[in-house]
Amino acid sequence: MQIVLIRHAHSQANAKGVLSGRLPNISLSEKGVKQSQDLAARLGVFPVAEIRISPMQRCHETIAPWVAALPKAAQKLLVTEQNLTEVDYGSWSGKKLSVLSRHKLWKTVQANPSAMYFPEGEGLAHMQQRAMHAVHETLNSKRSGAGVLVSHGDVIKAIVAGALGMHLDDFQRIVIDPASVTILDYSHGKARLTLLNDVRSNLNEALSGPKRAKNLLGGGAGK
């Protein structure tokens, strides 16, 4: 199965440089609305086994144009997944990133994130655990097609790191932009990263085409 990871599009909080976390009523910016429409065109219609979405408003607004274009049967697969929700940044929520970058714990977030527990919030290690649970639940689907997961930057970074066997302390080496698409291929049990942080490509052919089931030697076959 392919796991298609989609980060929400540019939000009003992104525009203000604010760490919104789980604060309510954070919608897409004008730029984000355009990104969500472009995302629907880039994805097109392809076989879907699961659609799991973070409960945050910005994630639902991001994926709405694509879901509206799906067949009715596929639309019914959409479920809200609490394990994909944003990190609980606790008392850091709602504060400007420029201010937080001067906090004494900022270095921990950047250099040793596995040890970071946000004041009055959750730890990044716990976030990774719940996010990977959502991935494994999706992989257990009995339906054919891809698993589509819509979530947040840090959550998707943690999933990619976990899927590839990277230590969580290395997850800041991964970049996940708004409205980006990342694809993990679990055809052989272990995850293979076939696409990372794509914000421009037309992906319908890759998602609708035959499985890349061959064992790779010397890189991909270029198909």
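Heavy atoms only: backbone and side chains are in, while hydrogens, waters and symmetry mates are out.
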State plainly whether one hydrophobic cluster holds both [X] and [Y], where clusters connect Ile, Leu, Val, Met, Phe, Trp and Tyr through side-chain heavy atoms under 4.5 angstrom apart.
X	Y	answer
Phe171	Leu97	yes
Ile183	Val150	yes
Val67	Val181	yes
Leu168	Tyr117	no
Ile156	Tyr186	yes

Validation row: [X], [Y] side chains within 4.5 angstrom (heavy atoms):
X	Y	answer
Leu203	Leu195	yes
Val4	Ile6	yes
Asn83	Arg52	no
Ile51	Val79	no
Trp92	Val87	no
Gln2	Leu184	no
Cys59	His152	yes
Met127	Val155	yes

**Request:** Considering only Ile, Leu, Val, Met, Phe, Trp and Tyr, and joining two whenever side-chain heavy atoms are under 4.5 Å apart, list the other residues clustered with Met56.
**Result:** none
**Message:** Under 3.5 Å, is there a donor on one side chain and an acceptor on the other for Glu50 and Ser141?
**Reply:** yes
**Item:** Asp169 side chain to Ser114 side chain, donor-acceptor N/O pair below 3.5 angstrom
**Value:** yes
**Asked** Taking it one step at a time, do Leu28 and Arg58 satisfy side-chain contact (heavy atoms from CB on, under 4.5 Å)?
**Response** CA-CA 6 Å; Leu28 298 185; Arg58 53 194 181 275; 4.0 Å; yes
Rounded distance (nearest 0.5 Å) linking atom [atom1] of [X] with atom [atom2] of [Y]:
X	Y	atom1	atom2	answer
Ser20	Asn14	OG	CG	7.0 Å
Gln57	Glu61	CD	CD	4.5 Å
Leu84	Ile53	CG	CD1	9.5 Å
Asn140	Met1	CG	CE	9.0 Å
Ser151	Arg7	OG	CZ	10.0 Å
Gln12	Ser27	CD	OG	3.0 Å

Is there a donor-acceptor pair closer than 3.5 Å between any side-chain N or O of [X] and the backbone N or O of [Y]?
X	Y	value
Arg42	Asp198	yes
Asp177	Ser180	no
Asn204	Val45	yes
Glu122	Asp88	yes
Thr62	Ser36	no
Thr85	Gln82	no
Gln75	Leu70	yes
His10	Ala179	no
His136	Met132	yes
Trp66	Leu43	no

Minimum heavy-atom separation for [X] to [Y], with atom names?
X	Y	answer
Ala9	Gly32	CB-O, 3.4 Å
Thr80	Ser54	CG2-C, 4.4 Å
Ile174	Ala161	CD1-N, 3.9 Å
Ala146	Phe46	CB-CE1, 3.9 Å

**Request:** Verify side-chain contact (heavy atoms from CB on, under 4.5 Å) between Leu19 and Lys95, making sure each step is shown before the conclusion.
**Result:** CA-CA 6 Å; Leu19 184 67; Lys95 295 184 178 177; 5.8 Å; no
**Request:** Start with the C-alpha gap between Arg173 and Lys157, add the side-chain angles, then the distance that decides, and say whether side-chain contact (heavy atoms from CB on, under 4.5 Å) holds.
**Result:** CA-CA 9 Å; Arg173 299 170 65 186; Lys157 287 159 59 178; over 6 Å; no
**Partners meeting side chain to side chain contact (heavy atoms under 4.5 Å, CB included) with Lys34 (sequence neighbours left out)** = Gln37, Asp38
**Prompt:** Between Glu81 and Arg130, does a salt bridge (Lys or Arg N to Asp or Glu O under 4.0 Å) hold up when you go through it step by step?
**Reply:** CA-CA 10 Å; Glu81 174 59 84; Arg130 63 172 168 80; over 6 Å; no
**Message:** Is it the case that over 12 heavy atoms from other parts of the model lie below 6.0 angstrom from the CD atom of Gln129?
**Reply:** no
**Message:** Go through it in stages, so that I can follow the logic: the residues are Val148 and Leu78, the test is side-chain contact (heavy atoms from CB on, under 4.5 Å), and I'd like the CA-CA distance, side-chain angles, deciding distance and then a yes or no.
**Reply:** CA-CA 9 Å; Val148 178; Leu78 188 154; over 6 Å; no
Scan the side chains in residues 102-109 for donor-acceptor partners under 3.5 Å anywhere in the protein, sequence neighbours excluded, and list what turns up.
{"from": "Arg102", "atom 1": "NH1", "to": "Ser98", "atom 2": "O", "distance (Å)": "3.2"}
{"from": "His103", "atom 1": "ND1", "to": "Leu105", "atom 2": "N", "distance (Å)": "3.0"}

